[in-house]
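Okay, structure first, notes after.
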Amino acid sequence: GYRANMAAPIDLHLEFGGGAELLFGGVKDHQVQLPNQAEPWDIRQLLVWIKRNLLKERPELFIQGDTVRPGILVLINDADWELMGELDYQLQDKDNLVFISTLHGG
């Protein structure tokens, strides 16, 4: 089939819950568009993008190193990301990602 050199922009629905939304200005639902780039977008790159573009405060409460911090559950289209390749999962247009903090208090 026909493949463009550049991946098309990807529209994603991001949802933050369990308190994680407090790091994003209290907004739970985010419709985002990732710009096109030569390489396919994966979760690792998405986390960098989120850190640069969405995280309002205290990024260390959401991101640790190049992944989410322990205690944050990630679902990709309602499936546990551990079943989907975690950071290496290649994002598809219209994917739905949920990040739920299971840590309370602090």
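- Counting only residues at least two apart or in different chains, salt bridge (Lys or Arg N to Asp or Glu O under 4.0 Å) contacts with residues 67-82 are absent.
- Apart from Val27 itself, the hydrophobic cluster it occupies contains nothing, where clustering links Ile, Leu, Val, Met, Phe, Trp and Tyr at side-chain heavy-atom distances under 4.5 Å.
- Partners of Glu60 under the side-chain contact (heavy atoms from CB on, under 4.5 Å) rule, at least two apart in sequence or in another chain, are Arg58.
- In this structure, the ring-ring contact (aromatic ring centres under 6.0 Å, His included) partners of Phe62, at least two apart in sequence or on a different chain, are Phe16, Phe24, Phe99.
- Between the side chain of Trp41 and the backbone N or O of Pro9 there is no donor-acceptor pair closer than 3.5 Å.
- The cluster map of Ile, Leu, Val, Met, Phe, Trp and Tyr, joined by side-chain heavy atoms under 4.5 Å apart, puts Val32 and Leu23 in the same cluster.
- In summary, the side chains of Gln45 and Gln37 do present a donor paired with an acceptor at a separation below 3.5 Å, with no hydrogens or angles considered.
- Hydrophobic clustering keeps Leu61 apart from Leu22 (ILVMFWY residues linked when any side-chain heavy atoms are closer than 4.5 Å, directly or through intermediates).
- The line from CE of Met84 to CG of Leu91 is 10.0 Å long, rounded to the nearest 0.5 Å.
- Taking Ile, Leu, Val, Met, Phe, Trp and Tyr as hydrophobic and joining them when side-chain heavy atoms fall under 4.5 Å apart, one finds Leu73 in a cluster with Leu75, Val98, Ile100.
- Of the residues Arg52, Lys51, Glu57, the one that meets the side chain to side chain contact (heavy atoms under 4.5 Å, CB included) test with Leu55 is Lys51.
- Taking a 4.5 Å side-chain heavy-atom cut-off between Ile, Leu, Val, Met, Phe, Trp and Tyr, the cluster of Val48 contains only that residue.
- Put simply, the side chain of Leu12 reaches to within 4.5 Å of the side chain of Leu46, judged on heavy atoms.
- The side chain to side chain donor-acceptor pair (under 3.5 Å) analysis of residues 8-31, with sequence neighbours excluded, yields the pairs Asp11-Gln33, His13-Asp29, His13-Asn96.
- Of the inter-residue distances, the one linking Leu83 atom CG with Ile76 atom CD1 reads 9.0 Å to the nearest 0.5 angstrom.
- Not a single side chain to side chain donor-acceptor pair (under 3.5 Å) links Asp93 to another residue, sequence neighbours left out.
- Listed by chain and number, the residues in a side-chain contact (heavy atoms from CB on, under 4.5 Å) with Leu87 are Ile43, Arg44, Leu47, Asp66, Thr67, Trp81 (sequence neighbours excluded).
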